[in-house]
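Taking it in order: structure first as structure tokens, then the write-up.
Letters go in sequence order (proteins before strands), and every chain restarts at 1. We use all heavy atoms of the structure for the numbers below, so side chains are in, but hydrogens, waters and symmetry mates are not.
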Amino acid sequence: MAQPATPLTIDAQSAEDPVLSHKPENRVWKKFRHHRSAMLGGILVAFFILLAVFAPLLPIPDPLATDWGAVRKAPSMAHWLGTDDLGRDVLSRLIWGAQASLLAGVVSVAIAVSLGVPLGILAGYFGGWTDAVISRCTEALLAAPFLILAIALAAFLGPSLTNAMIAIGISATPVFVRLTRGQVLSVAAEDYVDSARAIGLPTHRILSRYIFPNVLPPVLVQATLTVATAIIAEASLSFLGLGQQPPAPSWGSMLNTAKNFLTQAPWMALWPGIAIFLVVLGFNLLGDGLRDALDPREQ
Amino acid sequence: ADLRIALQSDADVLDPDQSRTFVGRIVYTSMCDKLVDITPDLEFTPQLATEWTFSEDGKQLTLKLREDVVFHDGTPFDAEAVAANIDRSQNMEASRRKSELSSIVGTEVLGSHEIRFDLASADATLLAQLADRAGMMVSPTAAAEAGADFGLNPVCSGPYKFKERVAQDRIVLEKFADYYNADEFNFDTVTYLPIPDTTVRLANLQSGDIDLIERLAATDLEQAESDAGIQVESAVSLGYQGITFNVNNGEKGDNPWGNDKRLRQAFSYALDRAAINQVVFNGAFAEGNQSFPPNSPWYSTDFPVPARDIEKAKALLAEAGYPDGIDLEVQVPNTTVPLQLMQVVQSMVSEAGIRVSLTSKEFATLLADQSAGDYTASQIGWSGRVDPDGNIHQFMTTDGGINDSKFSNAEVDTLLDRARTSNDQAVRKESYNAARAILNDEQPIVYVYHQTWIWALDDAIKGFTPYPDGMIRLAGVTKDEG
Amino acid sequence: MQRLKLVHSDSSPNDVLLEVSDFSLRFKGAQKDLISHVSFSVKAGQTVCIVGESGCGKSVTSLAMMGLLPEGAAEIHGGGITFDGRHYDLKDQKALREFRGSRMTMIFQEPMTSLNPSFRIGDQIAEAVQCHGAHTAEEARARALAMLVRVGIPAPEKRMREYPHQLSGGMRQRVMIAMALVNDPALLIADEPTTALDVTIQAQILDLIRDLQAETNMGTIMITHDLGVVAEIADTVAVMYAGTVVEAGPAEQIFNDPQHPYTIGLMSSIPKLTGPRGRLATVPGMVPTAENMPDGCRFATRCPFAQDICKTDPKPQSFGNGHVAACHFAPLDTHFEACA
Amino acid sequence: MLSFIMRRLLIAIPTIFLISIFVFALQKLLPGDPVLAMAGEERDPEVLEYLREKYRLNDPIPVQYFTWVGNALRGDLGISLRTNQPVLELIGQKLPVTIQLATMAMIFALVIGIPAGILSAVKKGSVTDYVANVVALSGLSIPNFWLGIMLILLVSVKWQLLPASGYVPLSEDPIRSITVMLMPAFVLGTALAATLMRHTRSAMLGVLSSDYVRTARAKGLVERRVILKHAFRNALAPIVTLTALLFGELIAGAVLTEQIFTIPGFGKLVVDAVFNRDYAVVQGIVLVTAVGFIVMNLLADVAYVLLNPRLRKQ
Amino acid sequence: MTQDLILQATALKKYFETGSSFTGKSSVRAVDDVSLDIARGETFAIVGESGCGKSTMARLLMRLLSPTDGQVTFDGQDVSNLKGKELKALRRDMQFIFQDPFSSLNPRMAVGSLVGEPLETHFPEMSKQQRRTKVAELLGLVGLRAEHAERYPHEFSGGQRQRIGIARALASSPKLIIGDEPVSALDVSVQAQVINLLSDLRDDLGLTLIVIAHDLAVIRHMSDRVAVMYLGKIVEQGPVDTIFSQPRHPYTRALLSAIPVAEHGRDRDRITLDGDMPSPANPPSGCSFHTRCPFAQDKCKTDVPALRDTATVAGHTAACHFFDDIAAAHPDAVVADSRPATEAAQSRFDLYQDAMRNGVTPKVRQQQ
Ligand SMILES: Nc1ncnc2c1ncn2[C@@H]1O[C@H](COP(=O)(O)OP(=O)(O)OP(=O)(O)O)[C@@H](O)[C@H]1O
Ligand SMILES: Nc1ncnc2c1ncn2[C@@H]1O[C@H](COP(=O)(O)OP(=O)(O)OP(=O)(O)O)[C@@H](O)[C@H]1O
Ligand SMILES: [Mg+2]
Ligand SMILES: [Mg+2]
Ligand code: NI
């Protein structure tokens with residue numbers, strides 16, 4: 001049994017097929033590119049990313065410049081989207097706030113996914129003690145109030161946007177663990193997982209190539225949804241001293257401030273709300289596109 | 001009929017000796033009578049005590065008490081009860097009133113309704129304390145029975161008695177039929193509901209779910225005034241808001257801002273207090289630069305609210321060695337108004353070259369950091385006391401309990417102590433003015449504004465009187481039905 | 001193009017149960033038709049067997065008859081079906097639903113994935129009964145049970161309460177069969193219904209189908225690779241290759257007088273039960289994919305007899321009794337001779 | 001199955017311990033002095049010391065913890081530092097409110113989210129699908145406070161249809177109790193509905209192309225039954241997971257919504273408790289929410305097994 | 001046996017727990033005390049009634065299921081506690097073709113990766129390009145095209161999927177392949193191609209095969225020895241020709257008699273089995289076949305027959321109390337001889353073979 005196996009060599013009718021010489025085009029990518037809503041989502045997300053990146057180059061007023069004479073002014077030619085409670089230009093703050101908000105949204109989701117999905121897979125696939133430990137820890141994390149977690153993190157990691165993202169990421173992790181675990185349970189019972197074992201795939205390959213792709217759809221959905229929650233959560237963290245500190249803008253904190261002026265200055269809530277909606281829409285469309293592209297059955 | 005009052009937050013424990021929140025005092029106003037009360041002009045007026053006299057040396061205070069008063073549990077109110085209450089406030093372990101009554105060294109029941117307090121030294125603040133929680137009389141029988149749990153079912157002698165409480169939901173009082181002045185009170189029950197969000201508070205008033213709200217946001221004034229169904233009342237508060245600098249509190253006190261008063265002066269000059277008031281409070285609040293609001297008799301007219309002077313601020317900075325400006329980190333409570341305020345301040349002082357960075361903290365952290373001296377500057381205020389001493393002594397004297405900047409100046413200590421122990425208004429006033437001269441130079445606290453209490457009421461409510469202490473007194477208040 | 005039509009000469013149009021005419025289909029994105037101009041018909045009480053190369057489109061065709069191809073995956077052009085004397089457009093799901101499951105039922109090729117993993121098999125069968133009305137839940141279960149007995153599932157009452165994953169491959173297949181037969185359909189499409197069954201049960205199932213044909217005059221389309229089964233039950237046989245019917249006719253003639261080279265190749269590959277066990281004959285080469293499908297005769301790329309003319313569509317030639325073959329050279333022996 | 005549940009309930013005990021240690025430690029790590037927060041503006045040093053003694057804050061942290069555990073085991077969860085009310089009583093007051101709100105919100109979420117998700121999966125790519133998605137995502141992006149205040153302004157202030165606030169216990173006046181909760185439940189429900197809708201859609205898309213759905217169609221089932229029974233049932237796993245988690249989260253409290261509609265639920269309580277460093281209250285609530293999450297997760301796990309017979313052998 | 005054994009199973013048992021906690025537990029005896037000895041290089045076939053435990057048996061041998069009792073040794077090693085490297089080596093040397101081709105293929109992987117995967121795992125030194133070539137070659141071996149590598153399992157027909165499974169099993173150059181109905185969904189020509197391929201591999205590389213199949217003609221063509229299973233047990237085992245010509249167990253006889261023959265209009269003497277098929281959850285006492293056996297006697301109801309040697313050839317065993325009596329009473333062959341094809345058919349078969357070998361000779365000039 002120790003002797004090395006030699007690959008089987010039997011000449012077949014078709015080894016010289018032209019198909020072999022050209023590199024197979026990546027079907028997923030191709031499908032993705034041709035996916036209508038994915039492209040729309042991509043454009044939306046790209047638009048906001050560009051805004052965030054090029055904010056300093058755009059001919060817009062200083063987002064921090066206050067104007068005592070133009071406090072809470074409705075949209076006008078001078079201020080397209082109006083001004084806020086301190087007379088700052090809302091459009092400019094929206095654009096400058098894109099960076100913090102997108103980062104908060106994307107990075108914290110990335111943290112949650114990269115923690116939650118592997119843990120969920122381990123728990124679901126191995127069961128037993130692994131599952132018990134991971135699941136109980138998840139429950140502990142779930143039960144601990146977000147606020148306490150956030151304040152503690154703020155105190156120990158110090159106030160920064162990165163730490164806010166970590167806090168949001170950690171608190172969003174349990175959902176991914178649970179979601180993944182639940183999905184793994186049913187996927188692991190499939191025949192094709194047995195077939196992978198029969199082939200002798202090492203466990204990590206089974207996890208990464210058989211289990212992971214098949215648990216991905218709900219994870220994708222949850223991830224794209226969590227972007228919204230994370231953007232909004234960033235604001236509550238900045239209030240706790242984590243995250244973007246005033247006066248630097250972020251959409252969440254713009255919304256938070258707007259809360260007090262809903263009746264007098266509705267636009268203050270409207271624009272950041274729309275921005276968050278569009279970004280979330282963009283990510284969700286992208287997610288749908290990815291989901292469809294990854295599902296070979298989808299036309 | 002039921003009167004529904006929306007408060008900004010939920011009260012804490014309902015025991016006058018243990019409680020500490022502002023909203024708690026609002027509830028007590030209808031539930032627990034005090035020995036003395038105040039008028040809207042801050043004059044003392046009889047409540048449970050009909051008369052009071054200080055001895056010549058100010059070391060004895062004799063009170064004559066009402067004779068027609070019973071507590072909600074039927075216990076009669078008399079001099080013994082007062083003595084028991086003073087004892088409770090001073091000696092119950094959980095009491096938060098100890099320092100307020102620390103000048104009383106003994107009580108002497110002179111008759112069934114007459115009592116004398118013996119003081120260690122003259123105490124000008126005592127009457128003011130008796131006009132607040134320290135002067136609230138609780139039923140001695142109930143208090144003895146309940147001990148520290150008294151707050152779960154408080155028994156006082158006010159016009160309304162405690163009915164029920166659901167934490168964070170409501171506190172219900174019902175009319176106390178045996179109240180000596182029961183006719184003046186026109187509601188069967190009074191319900192206090194905590195509604196933290198100002199917009200929602202107003203909306204509840206507009207929808208008719210609530211009859212009266214306290215602390216309407218200044219920015220909502222216009223809207224409330226334009227609503228025909230709503231009336232607005234206001235009174236400038238006794239408190240102040242400002243920025244406390246760490247002058248000498250621990251290691252962090254050793255910083256340019258703590259060491260060089262010129263920087264703090266520059267900071268003050270860089271502020272446009274009127275603009276702040278306009279931007280953040282729609283002009284509804286009062287600008288300020290002292291521990292008392294400008295309309296207070298204790299306000300020192302020698303130092304009027306300064307106009308903004310950027311040049312002077314810059315000059316001071318340059319003089320202090322910072323011609324290119326200087327950084328300053330300010331901690332701010334994480335609520336809307338302070339954040340708004342500080343962003344305006346930040347923007348204003350930046351024109352003078354002061355680069356402020358803000359750190360918002362939730363209040364408990366902020367407080368802990370502040371008292372531990374772990375800060376450079378902190379945006380914080382004081383809710384105010386009837387007696388001027390309450391607004392200044394504990395902050396500015398070397399051993400002051402709340403002196404978080406650890407400002408220490410022997411002369412100020414002497415002046416403020418003198419003001420505290422004199423019953424002569426003129427002496428007191430003079431002392432405060434003299435202290436102000438020093439403090440205005442030192443600026444350990446840069447005062448910015450004085451809040452205005454704004455109440456919004458349903459049009460049907462009649463007879464409401466605004467008080468500078470922010471309390472809601474229900475005597476004579478009625479509601480038109482229909 | 002070739003239009004092979006498979007109808008018995010003696011058939012009167014009245015008892016034709018299903019008629020497929022000129023059915024073509026291509027998958028989205030493909031350049032060429034996968035199924036090209038397929039026509040055939042089934043009479044009541046008759047069994048039509050479809051045999052052919054694996055991957056030639058048998059399952060796709062039968063799924064299309066039922067309107068069960070994944071939506072949007074394939075586009076159907078031409079043709080339509082006439083079933084029960086009524087014409088149906090295969091794109092009209094609503095119309096197809098009229099007979100699906102009651103008058104026309106299907107046994108799917110993949111018994112594992114075709115059973116709902118989360119329902120007990122008894123419920124799955126009973127549901128098929130109940131959804132066509134007329135039966136109470138009780139009756140439906142009784143019928144389901146009776147059907148499970150007929151397909152030879154041991155301990156059927158117990159099995160009714162089991163889930164698909166608890167059954168062996170053959171049992172699942174029998175559950176599928178039971179589900180398809182439980183409503184006494186007028187037409188049964190059976191896609192390799194007995195592949196997972198051992199020969200004794202296979203025989204039992206074939207008997208069952210025959211019985212039902214006798215009882216209810218059911219027509220049957222049977223797709224199978226087992227030419228033994230074909231020999232046993234087929235009335236007519238259609239041989240498919242690469243999406244076309246290359247030869248069709250009465251079973252006897254197909255077995256005893258095969259005409260199309262593909263049919264001949266197929267028959268010579270059958271392993272024998274007796275006699276010497278040499279190397280098996282095969283049809284060498286591979287079916288072209290839909291993209292590289294040659295013009296003309298689709299078998300030409302693998303046909304040892306192919307000539308230039310095969311690049312044109314062969315005209316179907318008739319050999320009596322409805323036996324037709326689409327080959328330019330049929331019958332072969334008149335065009336070619338063996339080497340000396 | 002019963003033994004599985006029993007086993008899980010047994011594990012719940014150490015889990016709750018773990019959680020209580022975790023939260024306790026976390027609280028102790030928080031900056032801010034509870035006593036300072038409680039002493040009031042005056043911060044009388046004598047009072048501070050008294051409070052420290054009384055709440056044993058001078059003890060070493062493990063001692064504090066075990067004191068708490070000891071009392072908790074005897075059914076005494078301590079008293080609120082802020083209001084002196086026993087924590088158990090506080091929980092008793094809030095729990096029914098929270099559960100009522102959570103249940104109503106969940107009903108809204110399920111009733112809106114799941115059908116919408118199914119519909120948009122079935123009609124994938126159609127206008128219905130797009131509209132459903134846009135509505136769902138706006139439901140998710142609209143902050144609760146905005147929706148809440150707008151609803152109050154419209155429904156209560158302008159149209160005077162529903163009361164803006166004023167919680168009434170279910171036992172006191174069921175109709176009014178439900179009426180008052182309608183708006184907050186709706187506000188909470190919309191965001192959850194969006195989540196459920198998106199997950200339902202995705203799961204349904206995965207299932208709709210499966211062979212057994214084809215079989216169901218082949219049986220002649222009406223499309224509705226194919227989708228609702230055969231497809232939906234197999235798409236339920238992620239929906240169940242989420243419903244359980246979301247319900248748990250609802251029990252842990254929905255601060256903003258509770259605040260806007262002045263509903264005395266856990267959310268407000270826990271936030272105030274955290275801000276005031278009211279340890280006993282936080283611990284008590286965490287205990288309850290932990291039990292909530294454990295039970296919900298257990299239910300979800302049971303549901304997996306019920307939904308997927310292949311998991312039953314374990 | 002003194003042969004070089006590659007795989008050995010001793011007293012294998014597998015009982016499945018069924019039923020919920022509400023209805024009470026019961027167990028299905030899917031495999032009940034089965035022992036097998038497989039010699040290197042031989043082809044061993046397992047036939048038997050559907051549901052008799054063949055797939056379970058195969059999964060046990062593959063260690064995809066763990067046995068309730070008994071053990072499996074591969075190349076002298078007990079497979080049940082192999083781990084890590086050794087397990088991987090076992091997985092390389094022993095491959096499985098699943099009965100259900102579709103559910104055993106990961107729907108999210110293209111066929112190229114599915115087939116390339118064993119290569120990647122077991123021959124990590126292969127370059128990507130080599131692997132692609134190899135995959136194309138493997139696909140070609142089973143009659144699929146190289147361009148199929150980019151497609152996904154759902155885009156294939158049943159037979160094509162089955163061939164993907166075969167290609168996949170061949171990829172790691174195993175020493176032993178267990179095929180659970182590996183050719184059941186293939187048309188006869190492709191089936192012939194695969195059978196030829198497997199026999200080439202056996203001849204060239206010494207591949208050992210265990211096949212489970214229902215098509216007895218296929219079994220006869222492929223295998224050296226056959227085991228007949230009934231209700232979780234082996235009831236007869238022996239060289240393939242002997243089993244076909246001299247079946248001893250009544251079940252084997254019934255099985256052979258039921259084979260459909262691809263000849264039109266042929267009648268068969270099918271031995272029909274009456275009686276309810278017993279359930280493995282509740283197997284009958286004594287000989288488990290007695291409920292349906294046309295020759296059953298009282299003894300069969302009580303005594304469990306053991307596998308014992310028959311008088312035919314060495315290695316032919318059967319588990320029946322009375323097989324000698326039965327054989328004596330029914331001496332005629334169960335499997336009928338094939339009839340010769342009709343003249344027309346036969347001439348065309350010959351012509352076809354000839355054309356394949358030598359090319360064609362048109363008789364007449366082609367007309368346009
Ligand atoms: N979704 C799809 N997309 C593209 N091609 C497909 C799809 N489904 C099937 N095909 C192709 O259609 C052809 C016909 O498939 P079908 O399943 O009808 O074959 P079949 O005749 O039933 O074969 P078998 O006997 O192997 O089951 C096959 O070549 C297959 O590759
Ligand atoms: N997971 C399981 N749980 C319960 N019973 C099972 C399970 N798997 C198989 N069985 C039972 O074990 C017995 C043997 O099944 P197995 O799949 O081995 O049969 P088989 O011989 O392969 O049949 P077929 O030829 O039909 O595929 C059957 O009665 C089946 O119902
Ligand atoms: Mg097929
Ligand atoms: Mg099997
Ligand atoms: Ni054509």
Side-chain angles (χ1 to χ4, degrees), chain A residues 62-73 83-88 93 145-156 158-160 163-164 234-250 252-266 268-269, chain B residues 196-203 206 217-224 226-227 272 274-283 308 329-351 355-366 368-369 374 379:
Chain A
D62 181 348
L64 305 186
T66 45
D67 179 353
W68 313 134
V71 172
R72 287 185 268 122
K73 289 281 178 271
T83 61
D84 72 358
D85 55 321
L86 303 181
R88 298 173 294 203
R93 286 182 72 73
F146 175 56
L147 206 61
I148 293 195
L149 226 60
I151 298 176
L153 277 172
F156 291 97
S160 79
N163 295 335
E234 183 270 331
S236 47
L237 286 188
S238 72
F239 266 44
L240 295 176
L242 273 175
Q244 196 81 318
Q245 290 298 293
S250 80
S253 53
M254 289 172 77
L255 269 182
N256 247 336
T257 313
K259 192 167 109 186
N260 300 292
F261 307 103
L262 273 189
T263 43
Q264 304 99 318
M268 283 174 60
Chain B
D197 191 282
T198 53
T199 316
V200 175
R201 260 202 318 282
L202 179 57
Q206 288 175 311
T219 42
D220 283 337
L221 254 180
E222 267 169 53
Q223 194 196 345
S226 68
D227 189 324
D272 183 343
I276 292 174
N277 186 13
Q278 202 55 49
V279 169
V280 186
F281 308 110
N282 267 15
R308 187 185 196 206
E329 186 192 342
V330 186
Q331 56 170 4
V332 204
N334 62 355
T335 42
T336 330
V337 167
L339 278 170
Q340 248 176 304
L341 167 75
M342 282 316 295
Q343 287 184 69
V344 176
V345 167
Q346 184 181 42
S347 157
M348 280 178 173
V349 299
S350 75
E351 285 171 41
R355 297 177 293 270
V356 167
S357 64
L358 302 178
T359 312
S360 69
K361 294 181 176 171
E362 45 100 30
F363 200 72
T365 311
L366 179 120
D369 288 351
D374 187 10
Q379 197 285 300

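Atoms OG1 and CE, on A/Thr66 and B/Met348 in that order, are 7.5 Å from each other to the nearest 0.5 Å. Between atom CG of residue B/Asp220 and atom CG of residue A/Asn260 there is a gap of 8.0 Å, rounded to the nearest 0.5 Å. The distance from the CD atom of A/Gln245 to the OG1 atom of B/Thr359 is 6.0 Å, given to the nearest 0.5 Å.
Interface remark: A/Ile151 contributes side-chain atoms only to the contact with chain B (heavy atom separation under 4.5 Å). Contacts of B/Leu339 with chain A are made by side-chain atoms alone, with heavy-atom separations under 4.5 Å and no backbone atom involved. Only the side chain of B/Asp197 comes within contact range of chain A, judged by heavy atoms closer than 4.5 Å. Proximity to chain A is limited to the side chain of B/Gln346, based on heavy atoms less than 4.5 angstrom apart. Looking at B/Asp369, there are no atoms closer than 4.5 Å to chain A (heavy atoms on both sides), in backbone or side chain. Interface residue B/Thr198: only side-chain heavy atoms are found under 4.5 Å from chain A.
Summarising the geometry of B/Thr199 relative to A/Lys259, their closest heavy-atom pair is OG1-O, 3.6 Å, with the distance given to 0.1 Å.
For the side-chain contact (heavy atoms from CB on, under 4.5 Å) with B/Val344, the lone residue among A/Val71, A/Asp85, A/Leu86 that qualifies is A/Leu86.
Put simply, the side chain of B/Gln223 never gets that close to the backbone of A/Thr263: no donor and acceptor are under 3.5 Å apart.
Sparse packing is recorded around CD of B/Glu222, with 12 or fewer heavy atoms of other residues, nucleotides or ligands lying under 6.0 Å away.
Heavy-atom pairs under 4.5 Å with chain A peak, among B/Gln331, B/Gln340, B/Gln278, at B/Gln340.
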